[in-house]
Amino acid sequence: MKIFKNIDPATTVIPFISILLCCLVFLIVPESSTAVLAAIRSFIDNKFGLYYLIMGLGVFLISLYIAFSKYGDIRLGGKDEKPKYSGFTWGAMMFTSGLAADILFYSLCEWVLYANEPRIAELGSVQDWSSTIPLFHWGPIPWSFYATLAACFGFMLHVRGCRKQKYSEACRAILGKHTDGVPGKLIDMLAVFALLAGTATTFSLATPLMSRAICEIFGIADSKWLTIAILAFTCLVYTVSVMRGMKGVKWLAESCMYIFFALLVYVLIFGGEAVYILETGFTAIGNLAQNFIGLATYTDALRESSFPQNWTIFYWAYWMVWCVASPFFMGSISRGRTVRQVVLGAYTFGLSSTFISFIILGNYSLGLEMRGVLDVMGLYARSGDLYGLIITILNTLPLPELVMIILVLSMVAFYATSFDSITLVAANYSYREMKEDGDSSPGMKLFWSILLIMLPIALIFSENSMNNLQTVSIIAALPIAMVIALIIASFLKDAKRYMES
């Protein structure tokens, strides 16, 4: 029974019960809960939108300061310690541990969501700006959350040798003894609550696309049971991988990148739009570079379009909620590298993979629209079905069934790799104090592997609950942002003390 004495109920039982109660409320009174949550989110968007935007731009600027200041020279581990993983393996795990599956999904369709927005008309043409905004929303600012916190957690784990792998522990330099008291417990409960809410809903984005693709390939009818089968298979993949430890995670991340780039190369070479794709992408990067500060500080104070409230603030909040797990994993695999290498590595591998995905996949479908090959915007306007639209777009490629097979494999691999990292972090998070080898027990890994897939499967039967829980995860970003600021401030204070010692 010794193992149970080391398990922390504040970061296991309480958040899980809270999530289940939320789901129960959503199922019993769906309309009332939806209305209440919508009102809360509207209030946050309109009253705290500036707070989210300042956090986004602020963390980005701080990440550059950390990388290029004296703090960037700090090595995570011994002074002469070498990195455990090669550059490619490390970069693959950095990219795939986060929102890689969401990046792949949105790459295929996001420009369509913006094309008819009044804000696009204010900026210029659909051609130039519907391909630029996705690079902004998935670009330097969201990746700065990961890059900065990965450095903070890496310092905590590998320099200070902390054996309590918790969000609150990264705040100890400022919280002091209160880290072990009520403030620390609240931070940890909030972190796990946000983690469960975020992971329970992220499957809602891309799983229906995988289901549609499988139906298209095999000519079968779509159903909830097919979606459940996909979730169960994904769970099996990441459970087998995570039970093998870091060797399994490493292998899966590398395989995932090979499959992903095979898809991108196929679309670029055989889609017949290579020159258009590259030229439009080059223009989009230029637009982003020239207008970055303007985009990052645009508040739409008169609410003429509410574009930042509907989109930018949503994305910043969504990435902040996911900061509970992914940066922890990134920091844990970065032993032997400097703080500068961690920050710039996250940007290099994360941004380059993200931009390549959006430029190739997004601009392929944009080219179909602009050249009059396929009425992409018209199809979406008439149906509002993004998943069906993506299948139609993929059917314009040579051997579309092959493309869909590669797409499904990529998304399963991305989800499995992301949930590998989350499972490892959540399992470690569950202990009051980690063992000397820094690894959680197989039983704890299995517990979280199953737990993380149970809520998405249950929520398939209630679409309103899925949307509500996603809104809960966005609302959770409000206090999470404060904790992120506290973690960064604690790192700067502790790193200064370390360098002066």
Side-chain angles (χ1 to χ4, degrees), residues 11 15 19 52 55-56 59-60 63 93-106 137-153 165-167 170 187-207 238 253 311-333 346-347 349-351 353-354 357 411 414-426 428-429 448 451-453 455-456 466 469-485 487-488:
T11 55
I19 290 290
Y52 284 100
M55 272 296 300
V59 172
F60 170 70
S63 73
M93 289 193 289
M94 292 280 276
F95 175 65
T96 59
S97 65
L99 291 169
D102 291 1
I103 288 170
L104 177 55
F105 169 73
Y106 277 112
H137 282 157
W138 295 86
I141 287 180
W143 274 103
S144 72
F145 296 134
Y146 282 9
T148 307
L149 290 182
C152 296
F153 293 138
Q165 296 189 22
K166 299 180 181 295
Y167 232 47
I187 288 174
D188 291 333
M189 285 191 289
L190 173 66
V192 179
F193 180 81
L195 172 67
L196 287 170
T199 54
T201 56
T202 191
F203 271 114
S204 67
L205 286 172
T207 306
Y238 77 71
W311 295 107
T312 307
I313 293 168
F314 163 78
Y315 279 122
W316 287 190
Y318 191 48
W319 278 74
M320 280 190 278
V321 168
W322 266 79
C323 279
V324 173
S326 298
F328 237 121
F329 177 77
M330 291 177 180
S332 70
I333 63 173
Y347 281 129
F349 292 103
L351 273 183
S353 300
T354 302
S357 180
M411 301 201 87
F414 272 144
Y415 270 133
T417 312
S418 297
F419 276 70
D420 266 347
S421 62
I422 294 169
T423 300
L424 287 173
V425 170
N428 292 346
Y429 215 81
W448 279 102
L451 179 61
L452 289 172
I453 208 68
L455 285 176
M466 184 77 81
L469 196 54
Q470 187 171 15
T471 301
V472 168
S473 69
I474 301 307
I475 294 172
L478 186 67
I480 283 289
M482 300 178 190
V483 179
I484 289 173
I487 290 173
I488 295 172

Peer 1: Would you please test F349 and W143 for side chain to side chain contact (heavy atoms under 4.5 Å, CB included) and show each step?
Peer 2: CA-CA 10 Å; F349 292 103; W143 274 103; over 6 Å; no
Peer 1: If every non-hydrogen atom of Y167 is compared with every non-hydrogen atom of D188, which pair is closest and at what distance?
Peer 2: N-OD1, 3.4 Å
Peer 1: Taking all heavy atoms of P327 and all of L149, pick out the closest pair and write down the distance.
Peer 2: CB-CB, 3.6 Å
Peer 1: Taking the six-membered ring for Trp, are Y146 and W319 parallel (under 30°), tilted (30 to 60°) or perpendicular (over 60°)?
Peer 2: tilted
Peer 1: Looking at S63 and T148, would you say the former's side chain and the latter's main chain have a donor-acceptor pair under 3.5 Å?
Peer 2: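 No, the answer is negative, given that no donor and acceptor are paired below the 3.5 Å cut-off.
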Peer 1: With rounding to the nearest 0.5 Å, note down the distance linking CH2 in W322 to CD1 in I480.
Peer 2: 13.5 Å
Peer 1: I want to check something: taking the side chain as every heavy atom from C-beta on, are M55 and W316 in contact at a cut-off of under 4.5 Å?
Peer 2: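 In short, these two side chains do not touch, never coming nearer than 4.5 Å.
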Peer 1: So, for A101 and M411, which heavy atoms are closest and what is the spacing to 0.1 Å?
Peer 2: O-CE, 3.6 Å
Peer 1: Could you check whether Y315 and W138 have their ring centres less than 6.0 Å apart?
Peer 2: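 Distance test on ring centres: under 6.0 Å, yes.
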Peer 1: So, taking the atom named CZ in F414 and the one named OG in S97, what distance separates them when rounded to the nearest 0.5 Å?
Peer 2: 11.0 Å
Peer 1: Atom CG of L99 and atom OG1 of T354: how far apart are they, to the nearest 0.5 Å?
Peer 2: 9.5 Å
Peer 1: Okay, side chain of S357, backbone of S353: is any donor-acceptor separation there less than 3.5 Å?
Peer 2: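 No.
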Peer 1: Do the side chain of S418 and the main chain of T96 share a donor and acceptor less than 3.5 angstrom apart?
Peer 2: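 Answer holds: yes.
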Peer 1: Under 4.5 Å between any side-chain heavy atoms of F95 and T417, yes or no?
Peer 2: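 They are not in contact (no side-chain heavy atoms under 4.5 Å apart), so the answer is no.
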Peer 1: Are the side chains of Y52 and F314 in contact, using a 4.5 Å heavy-atom criterion?
Peer 2: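 Side-chain contact under 4.5 Å: no.
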Peer 1: Between Y415 and L104, is any pair of side-chain heavy atoms under 4.5 Å apart?
Peer 2: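 No, every pair of side-chain atoms sits at 4.5 Å or beyond.
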Peer 1: So which atom in G139 and which in L351 form the shortest heavy-atom distance, rounded to 0.1 Å?
Peer 2: C-CD2, 3.3 Å
Peer 1: Give me the atom names and distance for the closest heavy-atom approach of M320 to A481.
Peer 2: SD-CB, 3.5 Å
Peer 1: Within a strict 4.5 Å, meaning less than it, do heavy atoms of the Y347 and S144 side chains meet?
Peer 2: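 The answer is yes; the side chains approach within 4.5 Å.
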